[in-house]
2 protein chains.
Amino acid sequence: MAGFVSHFTNRLDAKGRVSIPAPFRAVLARDGFEGLYCISSSHCQAVDAGGNELLAEIEKRSEAFAKLSPDHDALAVALFGASENPKVDGDGRMTISDMIREHTGITDQVTFVGMKYKFQIWEPEKFREYRAEAQKRALAMLSGQSPASSGGEPV
Amino acid sequence: MAGFVSHFTNRLDAKGRVSIPAPFRAVLARDGFEGLYCISSSHCQAVDAGGNELLAEIEKRSEAFAKLSPDHDALAVALFGASENPKVDGDGRMTISDMIREHTGITDQVTFVGMKYKFQIWEPEKFREYRAEAQKRALAMLSGQSPASSGGEPV
DNA sequence: TGGGTTCTTATGGGATATCATGGGAAATCA
DNA sequence: TGATTTCCCATGATATCCCATAAGAACCCA
């Protein structure tokens, strides 16, 4: 499988529920995580979501510091305090919590963006802006470092 | 096998399906990838498609950055947010998504262009234009012109 | 070499399954 | 007990599966 890829926009219903895109559910099922792991992104108005693979990545971060140390505590609060573990109902829907609403500005629609090992949850319009920016940035990053691709993509 | 070579133009049916050329299907079968991996090209109105070999190429690009960092996120959105993982039905057909339609301008016909480790999906007329340009460029490169002459980004 | 035969391939279309979404009813919480 | 959450079912739209067919390519055998 190719992990979380592509992006989808779904509607919130009157009860605050939204369908997680079916292809993403398939990836989560394979990952084996119970429900969904969510954590507010520290550098943009989106929420990171995923399963064990994302969680492992987060944990790796705090492992760099000795447990019980002030640094570790601070990081743990920042990371896990900003986390949630929403349930997924039998029809593959999650409810958007107040925390997610506040952090993302989501009102009636949700955009899910695949990022391979995780996906992000965005307010659609904010995502469009971020995406345009990300594309510019990606182009700059890739032409800066990749060995052979600056002068026109090799066939 | 020689990878994806030659090019083919097939018709879209009323349901938005199109047959992937049989020689390409043979290459994909050997590659072993589930379905098809597609990603919008950042520098022309085409979609890159392939299997594990293409995916590995894409993944290599983001490996240079630490996961969860702003750089990695931006790259992942640009790359994997613009990717898809379409199924291939029992008759070797894929459906052309809205994302591909918008990016390529495809309406009723699709041109598949072999590029060895991947192939591209084009609107036929746009491909003809691009091809004429590419041939000129190739000629210049082969006859030893300075690579700087590739200056004008095509399309 | 020629001509018939079989396979493969692209394409069409009907039947079926899946998905996103809505809403009622039961369960849970405060 | 009132409000919210969870579970379950309904529905329309879309996607998928499966089979049919026609044209062309490959094959075969005299």
Side-chain angles (χ1 to χ4, degrees), chain A residues 1-2 4-30 34-36 38 49 84-102 106-114 119 121-124 127, chain B residues 1-2 4-30 33-38 47 49 83-102 106-114 119 121-124 127:
Chain A
M1 246 289 192
F4 302 104
V5 296
S6 191
H7 64 274
F8 307 87
T9 298
N10 289 338
R11 218 185 326 275
L12 273 169
D13 69 14
K15 298 180 184 174
R17 301 173 299 185
V18 64
S19 290
I20 299 168
F24 288 8
R25 296 196 314 250
V27 178
L28 287 169
R30 171 177 297 225
E34 176 78 9
L36 188 65
C38 289
E84 285 183 2
N85 197 351
K87 291 183 186 67
V88 178
D89 75 18
D91 300 324
R93 287 181 284 198
M94 65 180 288
T95 52
I96 298 296
S97 68
D98 288 345
M99 184 203 89
I100 296 183
R101 255 176 231 273
E102 278 161 32
I106 285 170
T107 57
D108 62 329
Q109 288 198 309
V110 182
T111 297
F112 298 84
V113 185
F119 62 92
I121 295 173
W122 283 88
E123 189 283 320
F127 169 63
Chain B
M1 246 289 189
F4 304 104
V5 295
S6 186
H7 66 273
F8 308 86
T9 298
N10 289 338
R11 218 185 328 274
L12 273 169
D13 70 14
K15 297 180 184 175
R17 300 174 298 186
V18 64
S19 290
I20 298 168
F24 289 8
R25 295 197 313 250
V27 178
L28 287 169
R30 166 178 299 231
F33 191 76
E34 175 81 6
L36 187 65
Y37 181 74
C38 290
V47 170
S83 297
E84 287 184 2
N85 197 350
K87 291 183 185 66
V88 178
D89 74 18
D91 301 321
R93 288 181 286 198
M94 64 179 290
T95 52
I96 298 296
S97 68
D98 288 346
M99 188 200 86
I100 296 183
R101 256 176 231 274
E102 278 162 31
I106 285 170
T107 57
D108 61 330
Q109 288 199 309
V110 182
T111 296
F112 298 85
V113 184
F119 62 92
I121 295 173
W122 284 87
E123 190 282 320
F127 171 62

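A, B, ... follow the sequence lines: proteins, then strands. Residue 1 opens every chain.
When side chains are defined from C-beta on, A/V110 does not count as touching A/M94, because their heavy atoms never get closer than 4.5 Å. The shortest side-chain heavy-atom distance between B/D98 and B/R101 falls under the 4.5 Å cut-off. Side chains of B/V88 and B/F33 form no contact here, defined as non-hydrogen atoms less than 4.5 Å apart. Side-chain atoms of B/R93 and B/D13, non-hydrogen and from C-beta on, do get closer than 4.5 Å to each other. Using a 4.5 Å heavy-atom threshold, the side chains of B/P86 and B/S97 count as separate. Residues A/V18 and A/I106 have side chains not in contact (no heavy-atom distance under 4.5 Å, counting atoms from C-beta outward). At a threshold of 4.5 Å between non-hydrogen side-chain atoms, the residues A/W122 and A/T9 do not count as touching.
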With sugar-phosphate taken as primed atoms, P, OP1 and OP2 and all else as base, the protein-contact string of nucleotides 8-27 of chain D at under 4.0 Å (heavy atoms; B, S, -) is BB------BBBB--------

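Over its length, the helix from C/dT1-D/dA30 to C/dA30-D/dT1 turns its helix axis by 40°, as judged from the five terminal pairs at each end, rounded to 10°.
Atom-to-atom distance recorded for A/N10:CG and A/I121:CD1 is 11.0 Å, nearest 0.5 angstrom.
In the 5' to 3' direction, nucleotides of DNA chain C lying under 4.0 Å from heavy atoms of chain B begin and end at C/dT9 to C/dA15.
In this structure, A/F112 has its ring center no closer than 6.0 Å to that of A/F8.
Of the possible donor and acceptor atoms, one in the side chain of B/D89 sits under 3.5 Å from a partner among the backbone N and O of B/D91.
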